Every structure is written in C-alpha cells, then in structure tokens.
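First up is the structure itself, then whatever we jot down about it.
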Amino acid sequence: MVPLFAVSVCAISFLSFIPPSRAADQTADPPVDYRQQIRPILRQRCIACHGALKQEAGLRLDTAELAIQGGDSGPAIVRGDVAASILVDRISASDAAERMPPEKEGAPLSAEQITLLRSWIAAGAAAPADEQPEADPKA
C-alpha cells in the first residue's frame with residue numbers, strides 16, 4: 001500500500017505542471033462575437049430609433065464605430081470601460097423613463113443581452129473594420 005503522504009506529493013507535483021494559460025482557458029468565458037451576438041441585439045432593439053432613418057439624440061447604433069462616436073450626450077460606448085459607456089447606463093436603468101428602449105418600443109433588454117453588451121464593451125468592443133452603416137432607404 002502506498003503511503004498517503006506519497007500520493008499527496010505526487011498529486012501536488014502533477015498539478016503544478018498544468019500551464020496557467022490552459023487552466024485559465026478552462027474557466028474563462030468565451031469572447032463575445034460582435035457579428036453573432038452584439039449586432040443582432042442592436043438591430044432588433046435599437047436601430048429603429050438610432051439608425052439610418054432616425055437618430056434620436058443624434059445617436060446611431062448601426063455600426064460599432066458610430067456608437068463609439070456617440071451622439072448629443074457623448075460616446076455611447078467607451079472601449080474597455082463599461083462604467084463610462086452611456087449605452088450600458090441606459091439599457092440597465094431602473095427608472096423606466098430613462099431606460100432604453102422606451103416602454104412604448106417594447107420590453108427592456110434581457111439580463112443576458114445586457115451581460116453580453118457589458119462583456120463585449122469590457123473586452124474592448126471589437127468589431128469588423130469594414131462594417132458599413134445602414135443605407136438610407138430614402139436616398
């Protein structure tokens with residue numbers, strides 16, 4: 001029979017050889033994909049009021065770069081800084097009068113949608129460099 005002390009030493013030695021990056025990969029959330037996860041939220045919930053046809057408060061959200069440029073209140077998204085991103089304040093506001101989208105435009109974003117947007121912004125708000133804004137259908 002192997003002494004318990006020898007088993008413990010072997011187990012600790014084995015665990016110390018696991019590379020830190022591999023251990024972190026197993027616990028880290030996968031990165032948020034702009035095209036697959038963020039853009040659909042913005043299209044479905046925001047672009048009717050912040051797109052090519054209408055720009056409430058001077059804000060367009062049909063591309064990440066336009067959201068970063070912002071509108072009358074400044075940048076809607078600050079890459080890597082969730083707390084400074086007005087978009088997050090507005091979609092998660094507890095006061096219905098401040099929350100986006102407005103009540104008349106539908107239900108608030110889900111907790112999952114807000115978490116995705118927060119995670120994407122915190123990770124740097126990466127988006128395709130070739131993303132094009134909606135075309136103005138009146139043009």
Side-chain angles (χ1 to χ4, degrees):
M1 187 168 348
V2 178
L4 183 58
F5 174 75
V7 172
S8 298
V9 170
C10 289
I12 291 170
S13 297
F14 173 75
L15 292 174
S16 67
F17 287 109
I18 297 175
S21 61
R22 185 173 169 201
D25 289 345
Q26 293 172 352
T27 60
D29 291 330
V32 177
D33 183 284
Y34 175 78
R35 287 184 195 226
Q36 297 296 315
Q37 296 172 291
I38 300 302
R39 181 128 174 88
I41 295 170
L42 297 175
R43 286 193 87 123
Q44 293 167 1
R45 305 303 306 278
C46 306
I47 291 179
C49 295
H50 302 286
L53 287 176
K54 189 170 24 168
Q55 299 88 43
E56 293 289 332
L59 177 62
R60 286 186 71 164
L61 297 173
D62 49 334
T63 72
E65 286 305 316
L66 288 171
I68 290 165
Q69 283 179 3
D72 299 345
S73 299
I77 294 171
V78 178
R79 284 187 164 121
D81 192 346
V82 174
S85 297
I86 296 170
L87 178 76
V88 174
D89 290 340
R90 298 303 298 270
I91 63 173
S92 59
S94 57
D95 182 352
E98 292 183 23
R99 186 176 48 243
M100 291 289 134
E103 284 184 295
K104 65 182 180 187
E105 299 296 328
L109 270 64
S110 70
E112 180 183 358
Q113 290 171 321
I114 293 170
T115 297
L116 282 169
L117 285 160
R118 291 175 62 87
S119 297
W120 173 67
I121 292 167
D130 62 349
E131 184 181 27
Q132 297 297 311
E134 286 185 321
D136 185 345
K138 294 186 268 181

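These numbers come from a predicted model, not from an experiment. Computed over heavy atoms, backbone and side chain alike; hydrogens, waters and symmetry mates excluded. Residue indices begin at 1 and follow the sequence shown.
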Do [X] and [Y] belong together in a cluster built from hydrophobic side chains that touch within less than 4.5 Å?
| X | Y | result |
| --- | --- | --- |
| I47 | L59 | no |
| I38 | L66 | no |
| L117 | Y34 | yes |

Please report the closest heavy-atom contact between [X] and [Y], naming both atoms and the distance.
| X | Y | value |
| --- | --- | --- |
| A52 | A135 | CB-O, 3.8 Å |
| E134 | G51 | OE1-CA, 3.8 Å |
| P108 | R99 | CG-NE, 3.4 Å |

Check: [Y] main-chain N/O paired with [X] side-chain donor or acceptor under 3.5 Å:
| X | Y | answer |
| --- | --- | --- |
| Q113 | I41 | no |
| H50 | L61 | no |
| Q37 | V32 | no |

- request: May I have all residue pairs that pass salt bridge (Lys or Arg N to Asp or Glu O under 4.0 Å) and include part of residues 57-77, sequence neighbours excluded?
  value: R60-D62, E65-R79

Pairs touching residues 103-113 that satisfy salt bridge (Lys or Arg N to Asp or Glu O under 4.0 Å), sequence neighbours left out: none

Could you list the donor-acceptor pairs under 3.5 angstrom formed by side chains in residues 84-93, with sequence neighbours left out?
unit_1, atom_1, unit_2, atom_2, d
S85, OG, V78, N, 2.9
S85, OG, V78, O, 3.4
S85, OG, D81, O, 2.8
R90, NE, E98, O, 2.6
R90, NH2, E98, O, 2.9
S92, OG, V88, O, 2.5

field: Any side-chain heavy-atom pair of C46 and M100 under 4.5 Å
entry: no

message: Could you tell me if the side chain of L42 sits less than 4.5 Å from the side chain of R39, heavy atoms only?
response: no

message: Please report the interatomic distance OG1(T63) to CG(D130), rounded to the nearest 0.5 Å.
response: 11.5 Å

